[in-house]
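Worksheet: one structure, shown below.
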Amino acid sequence: MSKTAVATKHFTNRDVSEVLDQMADMLQIAGANRFRFIAFQNAAEAIRTHSRDVNDVAADGGLQEIPGIGKGIAQDIHDLLESGTFEGLEALRKEVPAGVLEMLQIPDVGPKTVRRMWQELDILDIASLKAAAEAEQIRVLKGFGTKSEEKILKGIELLAKRADGRTPIGKARPLAEEIKAALIAALPSGTIERIEIAGSLRRWRETIGDLDFLVISEDPAAVMDAFRTLPLVVDVIGSGETKTSILLGGGLQADLRVVAKKHWGAALQYFTGSQGHNIAVREIAQKQGWSLNEYCLTATGSGKAAEGEERFFEEEAALYAFLNLAWVPPEMRENRGEVKAASSDTLPSLVQLTDIRGELHGHSTYSDGAASVAEMAAAAQARGYSYWAICDHSVGLGVTDGVDAEQLAKQAEEIVALNQKYEADGVEFRLLRGIEVEVLADGTLGLPDEVLAELDVVVGSIHSGQRQAREVITERCLKVVRNPHVDILGHPTGRIIGKRAPSDLDVEQVLQTCLETGTVVEINAHPSRLDLNDVYARRAIELGCKLAISSDAHSTDGMEMMQYGIATAQRAWVQPADVINTLPMKEMLAALK
DNA sequence: GCCGTTTTCGGCCCGACTGTTTTCAGTCG
C-alpha cells in the first residue's frame, strides 16, 4: 500500500531538486569526495530552474541534455520518478541519521562540524547538540573551545527564530532601500562615494537570503562603524577591515563590503552573483589566461599577458567586455545559459518598464480596490500608459464583494463617460472594460458568457479550491483556458510567496493549451505573487505563448508593483514582442481572443 | 559526479572572517 503510494507520487521539479540537495548534504556529512556532492548540488539547481517539467524531460530521455546532469544522476532521477527513491539515496539514508542531517541547517555549523559531533560525541540531533554545548562537553574536542560552544548555541537559537530562511523580495527591497538611505545619512557627506545594493536583490530573485551592500569609500572604517551601529542592527555577526555582517530584527542578515574605486567593476560583478554565474564567468577568464576575483583580473601566465599582471575595471561592463562577453543584465545571472549567450552575443533584448503601454488587470472600488475608476485612470495616465483595463472581481468570490451584471453595466456608463471626456480633451488614453472573472469549483465562470462577451478584456482567475488534486485543478484550469471569452489566465498557480504553495497544476499542459487557444498568460507583478514565476514564464515564451504583465493594482500605489513583474519577465528572458501590453491599444485588442 | 575550441582523464572559482591555533581549517557567500 505505502509502496504504491510512493510510486504514484508526482514529483515536481522542486521535489526532485530537494532530494538531490538532501543527497548532497548527506554526501558532505558522510565525507564523500567534494566534487561529488557539488555535482549533486549543481544538478539540484539545474532541475530547480529548468523550464520544463522533469517528468516530461525524463519521459523524452532528455535529462542528460540539461547541463549538470550526467549519466549517473540521470539514472538516479529516473529511478526516483519511477519508484520514489534511488539506490545511493537509500544507502545514505541508512548511514546518516535524519537528526544529524538536520544539524546542517544550523548557521555556522557545517558538514565537518556535524560529522565530528556525530562520530566523536555520538550526538544524533539538534536537541542533544544543544545539551552538549550547554554542558560544556564540546570543548574537549581538538579545535573546539568555549567560543565554538557559544557559536553553536547562537546558531541553534537563530535557527529556531528564523521562519523559513528567505525573505520575499517585496519585503526585502524596501528594507534594503531604507538601510542604504540610513547609512548614507549616518556619515558625513562624501564619505560614501558610491553605493549599490548587490546580491540576489540586484538580480530581483523572488526571495532574498540576505542583503548585500557594496560601497566605494576612502574611509572603510567609518563606513563599517556606521553600518554596525545602525538602529536596525540586532547583532554584529562579524566585522573586519573590508567586510561587516550584521543581523537585523527578524533574523535577516546584511553584508557590507567596502572597496576602492578601481575595484568597483569586478567587485559589483562578484557581489551580484549568482554563484553559478560567477563560476561560469571565472571559467571563461581562466581559459583566456586570467584569474578573476572580486578586485581584478590577474594573469595566470597561461595567456599572452605576463604572469601576475593585473587589470582593473571601474565599471562592470568593461570587465565583461574585456572577457569578450556582452554585459549581462543582473536579472539573467543565474547560470541558465546567459554566459554562453553573452559569449556569442546572442543575449535577448529584454522587456523594460518603459515598453509597457498599458495594463490589463486592476481593481477599483467596485470590488475590493481602494480607489475609484477615475482615480485609477488618472494614476495610469500619470504613469504614461495609454490604456488601462478595469478588471474587478466578479461575483462568486466569497471573501470579497464582486460585481454582477448590473454593477458592471453601471461601471460601463462611468467608463464611457470618462472615455468621451478623454476624447473631447484630446487625451491619448482610454479605459477598457474588463473583469477578473471568478472560476467556480467545477471550472464554470462566475458570470454568464453573454455578459463576458460584451467586455474588452476578460481575466479568468482561480481564488478557491487551490488545494484540489492535480488532475482536478488542471482540468478546471483547462476549462477556463478553453473558454472563448477568457482572454487572459490570471495568476495561474495561485501561490503566495512564503505563505501558500502553488497549486499542483500541470503547468506544461496549461501552457500548451494557452498556446492552442490563444489565451494570454499573466505574470502577476505583485511581489507576493510573481505568478507565473520566472521559470514558468520562460517556458511559456519558449512554447510561443503571449504574456501580459499586470500589477493587479488595488490602489493607485499598487501600480508601482509593475517593476517586480518586469524584473520577473527579465529573469525569464522575455522580450517586448512576447508581451501584449507593450502593444498600442488597437494591436493589443486584436491580439486577444 | 560532470565535462571537453588541448583533454574520455584529470581537472573542477576565489577570498573574508573567525576561532583555535602557531600555520590553518571551517564556514559562508
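Order of the sequence lines sets the chain letters (A, B, ...), proteins ahead of strands, with each chain counted from 1. Side chains included, hydrogens not; waters and symmetry mates left out as well; all remaining heavy atoms used. Everything numeric here is computed off the predicted structure, so don't read it as measured data.
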Would you indicate, yes or no, if [N] has its OP1 or OP2 atom less than 4.0 angstrom from a side-chain nitrogen or oxygen of [X]?
X	N	value
A:Asn278	B:dC13	no
A:Ser239	B:dC17	no
A:Arg282	B:dC13	no
A:Gln64	B:dC2	no
A:Thr242	B:dC17	yes

Could you check which of [options] has an atom nearest any side-chain atom of [X]?
X	options	answer
A:Phe40	B:dG15, B:dC13, B:dG1	B:dG1
A:Thr113	B:dC14, B:dT27, B:dG19	B:dT27
A:Asn293	B:dG15, B:dT20, B:dT5	B:dG15
A:Asp212	B:dC12, B:dG29, B:dC2	B:dG29
A:Arg257	B:dT27, B:dA16, B:dG29	B:dA16
A:Tyr270	B:dT27, B:dG29, B:dA16	B:dG29
A:Lys243	B:dT27, B:dC2, B:dA16	B:dA16
A:Lys147	B:dT20, B:dC2, B:dG26	B:dT20

Roughly how many Å is it from [atom1] in [X] to [atom2] in [N], rounded to a whole number?
X	N	atom1	atom2	value
A:Ile208	B:dG29	CD1	C1'	14 Å
A:Ile152	B:dT18	CD1	C1'	14 Å
A:Leu211	B:dG29	CG	P	12 Å
A:Lys151	B:dG26	NZ	P	13 Å
A:Lys154	B:dT27	NZ	P	17 Å
A:Glu283	B:dG4	CD	C1'	12 Å
A:Lys71	B:dT8	NZ	C1'	12 Å

Inter-residue atom distance A:Lys340.NZ - A:Ile284.CD1, 0.5 Å rounding | 10.0 Å

Rounded to the nearest 0.5 Å, how far apart are CH2 of A:Trp118 and CG of A:Asp125?
-> 13.5 Å

Any ion pair linking A:Asp212 and A:Arg202 (charged N to carboxylate O, less than 4.0 Å)?
-> no

Carboxylate-amine/guanidinium contact A:Lys262 A:Glu314, below 4.0 Å | no

Just checking [X]: base, sugar-phosphate only, or nothing, at a heavy-atom cut-off of under 4.0 Å?
X	answer
A:Val281	nothing
A:Asp108	sugar-phosphate
A:Asp210	sugar-phosphate
A:Glu294	sugar-phosphate
A:Ser245	nothing
A:Arg34	nothing
A:Ile38	nothing
A:Ile237	nothing
A:Thr146	sugar-phosphate

Check for a donor-acceptor pair, side chain of A:Arg333 on one end and backbone N or O of A:Val328 on the other, with a separation under 3.5 Å.
-> yes

Check: A:Arg115 side chain, A:Ile29 main-chain N or O, donor-acceptor pair, under 3.5 Å = yes

Taking the six-membered ring for Trp, does A:Phe144 stack with B:dT20 (centroid gap under 5.5 Å, planes within less than 30°)?
->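 The ring of A:Phe144 is not stacked on B:dT20.
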
Distance between the C1' atoms of B:dC9 and B:dC14, in whole angstroms?
->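 To the nearest whole Å, 25 Å.
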
Any chance you could lay out the salt bridge (Lys or Arg N to Asp or Glu O under 4.0 Å) test for A:Asp21 and A:Arg48, step after step, and finish with the verdict?
-> CA-CA 10 Å; A:Asp21 267 331; A:Arg48 183 179 294 116; 2.5 Å; yes

